[in-house]
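Every chain is numbered from 1 and lettered A, B, ... according to where its sequence line falls, protein lines coming before strand lines. Since the model is a prediction, treat every value here as computed from it, not as a measurement.
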Amino acid sequence: MVLRLYNTLTRAKEEFVPLDTSRVRMYVCGPTVYDFAHIGNARPVIVFDVLFRLLRHLYGEAHVEYVRNVTDIDDKINARAQERRGSRAILDAVRELTAETGRIYHEDVAALGCLPPTHEPRATEFVPGMIALIERLVAGGHAYESEGHVLFDVSSNPDYGKLAHRTLDEMIAGARVEIAPYKRGPMDFVLWKPSDETLPGWPSPWGRGRPGWHTECSAMSEALLGETFDIHGGGIDLVFPHHENEIAQSESAHAGRALARVWLHNGFLNAEGEKMSKSLGNFVTIRELLADWPGDVLRLNMLRTHYRQPIDWTVRGMNESWTILERWYEGAEPVASRRMGEPFLDALLDDLNTPQAIAELHRAEPEELAGGLVLLGFSPDPGRIAARPPIPVEEIAHDIEARNSVRKARNFQEADRIREDLATKGILLEDNPDGTTSWEVKR
RNA sequence: GGCCACGUGGCGGAGUGGUGACGCAGCGGUCUGCAAAACCGCGUACCCCGGUUCAAUUCCGGGCGUGGCCUCCA
């Protein structure tokens with residue numbers, strides 16, 4: 001049983017060997033809490049939840065540590081809080097916004113069947129560690145102060161670009177943005193920036209200010225997982241600059257010792273063939289989807305595509321996922337079973353090939369089906385994906401009764417009329433072999 | 001402009017140097033008053049052009065197309 005993972009750092013599938021099998025460590029970049037999470041944000045959460053579950057299966061539940069941070073220091077948060085602060089202090093508005101958004105996020109992600117991570121650090125709890133990290137970088141000649149900012153000197157890190165697989169020259173050649181006057185090098189990035197009285201800020205050797213985004217993850221991962229850990233994950237758009245910069249600052253602060261050994265990145269998600277964006281109006285939140293679809297359906301729909309491939313998120317696809325899940329949940333043995341098929345597990349071990357694993361589930365015996373579903377984070381219980389209860393159940397029962405009595409009288413014309421009538425309301429009748437009639441919602 | 005992915009049947013989606021994964025839809029059958037569900041059966045797909053090879057969808061080169069990153073972004 002060998003787990004192989006595609007490492008962005010080497011661009012190859014590698015055998016996964018933890019530094020310490022009694023403490024397997026994974027860090028995944030979590031949400032910036034200023035707005036509802038959209039379905040694209042759900043992809044890494046679900047993908048890395050599956051990996052978390054697989055690692056727990058392989059190494060034992062007590063031996064896997066999963067950290068997913070919450071970014072609650074950010075200029076988008078400040079801007080949003082400013083809009084809705086009213087007469088309150090900005091800090092109160094920020095606190096309220098991040099607390100509320102964080103709560104919604106947790107509800108959404110739980111509905112998608114994701115386990116809580118082992119640790120969920122918030123940036124505001126780790127500011128002293130960030131300052132200490134920056135001080136180390138300044139002392140080591142990797143960072144400099146300029147106009148109240150502290151910047152990372154990219155030229156001090158010969159490895160810079162190793163994750164993105166791009167040289168400094170290539171990046172500078174492709175730069176499309178004006179270079180801030182306080183930067184020495186065009187690719188230098190901010191570790192610390194000044195805050196005026198209207199913004200959240202913390203005292204520091206460089207005055208009252210706040211950390212840059214990349215700094216948060218470096219400080220929190222070090223505090224909770226140590227200098228070097230096993231897996232660092234996130235969306236593919238984070239490869240550059242976020243993860244590249246995390247590597248640069250962490251490894252510069254740690255005498256070149258690796259930040260993470262394996263870097264994993266999930267692909268992007270499009271909606272109905274188009275990039276999801278607010279301007280196109282196809283920006284769909286997890287919350288909105290959960291109003292119309294069971295969380296398990298969204299989860300399966302996500303897992304039917306390999307995590308590194310792009311997904312085209314469509315209503316058609318979700319309907320298909322729902323159909324599959326209904327059949328599975330009816331056929332799966334009660335959840336007590338934890339047995340799973342070898343081909344199923346082999347598929348997951350091969351760089352988390354969930355589409356292949358799902359194909360194996362279609363071939364599996366009921367007990368193995370249940371075991372596989374549980375490992376993937378599903379709850380094989382028909383009630384969990386039962387039709388929502390919008391339906392006038394009593395009225396339907398009454399109609400069915402009426403229909404069955406005319407059927408007994410062999411008045412099939414009237415029986416079919418009742419069936420048609422219900423069908424126009426989206427209710428599909430099924431006459432079972434034992435003489436009973438059941439119904440379901442037609443989609 | 002620079003860097004990087006991807007292009008498989010009606011649709012979704014794995015995979016492989018040589019017998020058409022798997023699912024959804026569709027069609028045929030069993031069953032049924034008729035349906036539905038369930039079960040059984042049915043499909044000669046790999047963007048184009050070259051090259052390597054006994055053999056390429058799979059490897060190499062070129063082309064076309066789609067998408068991503070280079071700026072906040074999962």
Between [N] and [M], how far is it from one [atom1] atom to the other, in whole Å?
| N | M | atom1 | result |
| --- | --- | --- | --- |
| B:rA74 | B:rG17 | P | 37 Å |
| B:rG28 | B:rC60 | P | 45 Å |
| B:rU16 | B:rC54 | P | 24 Å |
| B:rU53 | B:rC48 | P | 22 Å |
| B:rU30 | B:rU19 | P | 35 Å |
| B:rU57 | B:rG7 | P | 15 Å |
| B:rA35 | B:rA56 | C1' | 48 Å |
| B:rC24 | B:rC70 | C1' | 39 Å |

- request: Can you label the angle between the A:Tyr27 ring and the A:Phe229 ring as parallel, tilted or perpendicular, going by 30° and 60°?
  value: tilted
query: Can you say whether the rings of A:Trp213 and A:His242 are parallel (under 30°), tilted (30 to 60°) or perpendicular (over 60°)?
result: parallel
Exercise: do [X] and [Y] side chains pair donor with acceptor under 3.5 Å:
| X | Y | answer |
| --- | --- | --- |
| A:Asn319 | A:Arg316 | no |
| A:Thr71 | A:Glu216 | yes |
| A:Ser155 | A:Asp153 | yes |
| A:Ser252 | A:Asn157 | yes |

Side chain of [X], heavy atoms from C-beta onward: which of [options] has the nearest atom to it?
| X | options | value |
| --- | --- | --- |
| A:Ile324 | B:rG23, B:rG33, B:rG68 | B:rG23 |
| A:Asp237 | B:rG2, B:rC73, B:rA21 | B:rC73 |
| A:Thr32 | B:rA74, B:rC34, B:rC70 | B:rA74 |
| A:His362 | B:rC22, B:rC73, B:rG33 | B:rC22 |
| A:His306 | B:rC70, B:rA14, B:rG33 | B:rA14 |
| A:Arg11 | B:rC73, B:rG68, B:rC4 | B:rC4 |
| A:Lys76 | B:rC72, B:rA21, B:rG33 | B:rC72 |
| A:Arg316 | B:rG33, B:rC69, B:rG10 | B:rG10 |

message: salt bridge (charged side-chain N to carboxylate O under 4.0 Å, His left out), that's the test. Do A:Arg304 and A:Glu320 meet it? Break it down for me.
response: CA-CA 10 Å; A:Arg304 286 171 58 203; A:Glu320 210 174 288; 2.6 Å; yes
Calculate the interatomic distance between [X] atom [atom1] and [N] atom [atom2]; express it in whole Å.
| X | N | atom1 | atom2 | answer |
| --- | --- | --- | --- | --- |
| A:Leu361 | B:rA14 | CG | P | 16 Å |
| A:Asn266 | B:rA5 | CG | P | 17 Å |
| A:Asp312 | B:rU66 | CG | P | 15 Å |
| A:Met318 | B:rC24 | CE | P | 18 Å |
| A:Glu246 | B:rC73 | CD | P | 11 Å |
| A:Leu300 | B:rC24 | CG | C1' | 12 Å |
| A:Met302 | B:rA74 | CE | P | 13 Å |
| A:Leu303 | B:rC22 | CG | C1' | 15 Å |

[N]: pairing nucleotide in any strand, Watson-Crick or G-U under 3.5 angstrom:
| N | value |
| --- | --- |
| B:rA45 | none |
| B:rG12 | B:rC22 |
| B:rC31 | none |
| B:rU57 | none |
| B:rA5 | B:rU66 |

message: Would the base of B:rG12 count as contacting A:Glu320 through its side chain, where contact means a donor and an acceptor less than 3.5 Å apart?
response: no
field: Base B:rG23 to side chain A:Arg304, donor-acceptor N/O within 3.5 Å cut-off
entry: no
With a 4.0 Å cut-off on heavy atoms, is [X] in touch with a base, just the backbone sugar-phosphate, or nothing at all?
| X | answer |
| --- | --- |
| A:Phe240 | sugar-phosphate |
| A:His265 | nothing |
| A:Arg308 | nothing |
| A:Gln309 | sugar-phosphate |
| A:Gly40 | base |
| A:Leu269 | base |

task: With rounding to the nearest 0.5 Å, note down the distance linking CG in A:Leu191 to OH in A:Tyr144.
output: 9.5 Å
- prompt: Say you draw a straight line from CH2 of A:Trp313 to CE of A:Met318; how long is it, rounded to the nearest 0.5 Å?
  reply: 6.0 Å
query: Can A:Phe268 be classed as stacking with the base of B:rA74, given a centroid separation cut-off of 5.5 Å and a plane angle cut-off of 30°?
result: yes
Given [N], is OP1 or OP2 found less than 4.0 Å from the side-chain N or O atoms of [X]?
| X | N | answer |
| --- | --- | --- |
| A:Trp322 | B:rC24 | no |
| A:Arg327 | B:rA38 | yes |
| A:Thr305 | B:rG13 | yes |

task: Using the ring of A:Tyr307 (Phe, Tyr or Trp, six-membered ring only), decide whether A:Arg43 places NZ or CZ under 6.0 Å from its centre and within 45 degrees of its axis.
output: no
- prompt: Under 6.0 Å from the CD atom of A:Glu365, do we count more than 12 heavy atoms belonging to anything else shown?
  reply: no
task: Let me know, please, whether A:Arg407 or A:His214 comes out on the 5' side of the other along RNA chain B by nearest nucleotide.
output: A:Arg407
- prompt: Quick one, which residues of residues 349-358 of chain A touch RNA chain B with a heavy atom under 4.0 Å?
  reply: A:Asn353, A:Pro355, A:Gln356
